[in-house]
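Down below is the structure, laid out as structure tokens.
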Protein chains: 2
Amino acid sequence: MKELENFVKKLRNSGIRPTKQRLKICEVLFSSDKTFHFTVNDLAKIIEEELREKISLATVYNTVHAFKKKGYLKEISIPGDKSYFDTNTNHHHHFFDSNAKELIDIDFNQIELKNTPKAPRGKSIKGIDVIINVENDSQ
Amino acid sequence: MKELENFVKKLRNSGIRPTKQRLKICEVLFSSDKTFHFTVNDLAKIIEEELREKISLATVYNTVHAFKKKGYLKEISIPGDKSYFDTNTNHHHHFFDSNAKELIDIDFNQIELKNTPKAPRGKSIKGIDVIINVENDSQ
DNA sequence: CTTCAACTTTAGAATCATTATAAAATATTC
DNA sequence: GAATATTTTATAATGATTCTAAAGTTGAAG
């Protein structure tokens, strides 16, 4: 398979050196069509425990941030919880299930925002995040 | 003035004992009509430095969380930044200015959300947060 | 008003996420 | 392949938040 080749290309095109560690992270994050939500710790665990590859937590942080900056990942922050990253970088929104502590994607088209206000003078809009908090029905 | 009385009542009605520290925090947060955004640290500093009252950071945390649980404060979490609290508990939204690291309220009516999706089975919607990220124009 | 149980505050320790550091390893360029 | 720039790494440092357990305060009941 030439998947690895593609990752090498992808990184090189972004001016990121394709190191072993970065390629391993690409493999975990971008091999499948499925998008997913994870914390830095989750990702480090997958690599260390499932793939049994040694990787420094600092490297995982560095890489995740580099990928975020290049637009390969989105960060979602939850009040009273930690930061999650999302491999789905299309414009879309989220449910946050506060019982399961879990994000669920909502397609961009499923919510229509009308009359979004103008940015304050001298500023411009960079992105809009909608988080719908949900919890278990109380019976 | 009977402001203090009112705070005592407010707390008692919520089943929160009106202690000196909690009343002091009420005074800082709810005396003015103006709403504002702050971190736990900001609040502790105001009390210690401006009011020159000694208060433990742990108490500020406890109180802020108690007030949040009772609905007197809202928490807003920013990707790659920390948690902010908001004395405006009306349903409303925010700009986040990533240069100034500052939240700006957006009136609820200024954004119309159409077709908000149903919560997943067995869950119900508890709240919706819209954060519009803005940054300085690049010239 | 005194007493007592329940609750709260406090300082400091503990934890957790994240960032900084600087030496060793690796990648790129020539 | 040697020189330079970048990256990885383990570890320390930081910062936010929570925990702990002892000391202090509050409210209810007599």
Side-chain angles (χ1 to χ4, degrees), chain A residues 4-5 7-28 37-48 51-70 73 75-85 101 103, chain B residues 4-5 7-28 37-48 51-70 73 75-85 98 101:
Chain A
L4 210 139
E5 282 292 299
F7 291 145
V8 170
K9 236 178 268 173
K10 177 178 177 145
L11 294 185
R12 236 188 266 281
N13 288 341
S14 321
I16 299 177
R17 283 191 183 172
T19 65
K20 205 165 29 126
Q21 293 83 345
R22 287 167 177 170
L23 289 168
K24 185 57 67 182
I25 290 177
C26 278
E27 188 194 314
V28 172
H37 305 111
F38 62 93
T39 65
V40 170
N41 239 300
D42 294 340
L43 181 53
K45 252 191 189 159
I46 289 171
I47 294 170
E48 297 235 303
L51 308 186
R52 306 211 163 269
E53 302 261 350
K54 199 150 183 34
I55 195 168
S56 163
L57 193 56
T59 302
V60 182
Y61 270 98
N62 290 339
T63 304
V64 162
H65 283 136
F67 285 5
K68 181 191 168 190
K69 198 189 293 183
K70 290 299 174 186
L73 291 173
E75 187 174 0
I76 300 111
S77 199
I78 299 297
D81 202 358
K82 63 199 107 167
S83 260
Y84 293 83
F85 291 87
K101 300 226 174 237
L103 286 163
Chain B
L4 210 139
E5 283 291 299
F7 291 146
V8 170
K9 237 178 266 172
K10 178 178 175 143
L11 294 185
R12 238 189 266 283
N13 288 341
S14 321
I16 299 177
R17 284 193 182 169
T19 65
K20 205 165 29 124
Q21 293 83 347
R22 287 166 178 170
L23 289 168
K24 187 54 69 182
I25 289 177
C26 278
E27 187 194 317
V28 173
H37 305 110
F38 62 93
T39 65
V40 169
N41 239 301
D42 294 340
L43 181 52
K45 253 192 188 160
I46 289 171
I47 294 170
E48 297 235 304
L51 308 186
R52 306 210 163 271
E53 302 260 351
K54 203 155 180 32
I55 194 168
S56 163
L57 193 57
T59 301
V60 182
Y61 270 98
N62 290 340
T63 303
V64 162
H65 283 137
F67 286 5
K68 181 192 168 189
K69 200 190 290 185
K70 290 298 173 186
L73 291 172
E75 187 174 359
I76 300 111
S77 200
I78 299 298
D81 203 356
K82 64 199 106 166
S83 260
Y84 293 84
F85 291 87
S98 53
K101 301 226 174 236

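Each chain gets a letter, A, B and so on, in the order the sequences are listed, and its residues count up from 1.
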Between [X] and [N], does any side-chain N or O lie under 4.0 Å from OP1 or OP2?
| X | N | answer |
| --- | --- | --- |
| T19(A) | dT8(D) | yes |
| R12(A) | dA27(C) | no |
| T39(A) | dA17(C) | no |
| T59(A) | dT9(D) | yes |

Between [options], which nucleotide has the shortest distance from any of its atoms to the side chain of [X]?
| X | options | result |
| --- | --- | --- |
| R17(B) | dT9(D), dT17(D), dC7(C) | dC7(C) |
| A58(B) | dT7(D), dA11(C), dT18(C) | dA11(C) |
| H65(A) | dT19(C), dG12(C), dT17(D) | dT19(C) |
| L57(A) | dT17(D), dT26(D), dT18(C) | dT18(C) |

Distance check needed: [N] [atom2] versus [X] [atom1], whole Å only.
| X | N | atom1 | atom2 | result |
| --- | --- | --- | --- | --- |
| F85(A) | dA17(C) | CZ | C1' | 11 Å |
| Q21(B) | dG24(D) | CD | C1' | 10 Å |
| I55(B) | dT10(C) | CD1 | P | 6 Å |
| N41(A) | dT18(C) | CG | C1' | 11 Å |
| L23(B) | dT25(D) | CG | P | 15 Å |
| R22(B) | dG27(D) | CZ | C1' | 13 Å |
| Y61(B) | dT10(C) | OH | P | 15 Å |
| N62(A) | dT26(C) | CG | C1' | 15 Å |

K24(B): which residues meet the salt bridge (Lys or Arg N to Asp or Glu O under 4.0 Å) condition with it, sequence neighbours left out?
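For K24(B) the salt bridge (Lys or Arg N to Asp or Glu O under 4.0 Å) partners, ignoring immediate neighbours, are E27(B), E53(B).
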Looking at side-chain heavy atoms only, is the closest gap between E48(A) and I55(A) below 4.5 Å?
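Result yes, sub-4.5 Å side-chain heavy-atom pair found.
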Donor-acceptor check, side chain of R22(A) to backbone of R17(A), threshold 3.5 angstrom: yes or no?
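The answer is yes, because a donor-acceptor pair under 3.5 Å joins these two groups.
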Can you measure from NZ (K45(A)) to CZ (F38(A)) and round to the nearest 0.5 angstrom?
15.0 Å
To the closest 0.5 Å, what do you measure between CG (L73(A)) and CZ (F67(A))?
7.5 Å
Which heavy atom of L11(B) sits nearest a heavy atom of P18(B), and at what distance?
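It is CD1-CA, 3.8 Å.
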Want to settle it: does K54(A) or G15(A) sit nearer the 5' end of DNA chain D, counting the closest nucleotide to each?
G15(A)
Roughly what angle, to 10°, lies between the helix axis at the start of the helix from dC1(C)-dG30(D) to dC30(C)-dG1(D) and the one at its end, five pairs per end?
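About 30°, once rounded to a multiple of 10°.
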From CA spacing to verdict: side chain to side chain contact (heavy atoms under 4.5 Å, CB included), T63(B), I16(B)
CA-CA 10 Å; T63(B) 303; I16(B) 299 177; over 6 Å; no
How would you label the contact of K20(B) with the nucleic acid (heavy atoms, under 4.0 Å): base, sugar-phosphate, or nothing?
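Nothing: the residue K20(B), judged by heavy atoms under 4.0 Å, touches no strand.
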We want to know whether D42(A) and T39(A) form a side-chain donor-acceptor pair, criterion being a heavy-atom distance below 3.5 angstrom.
yes
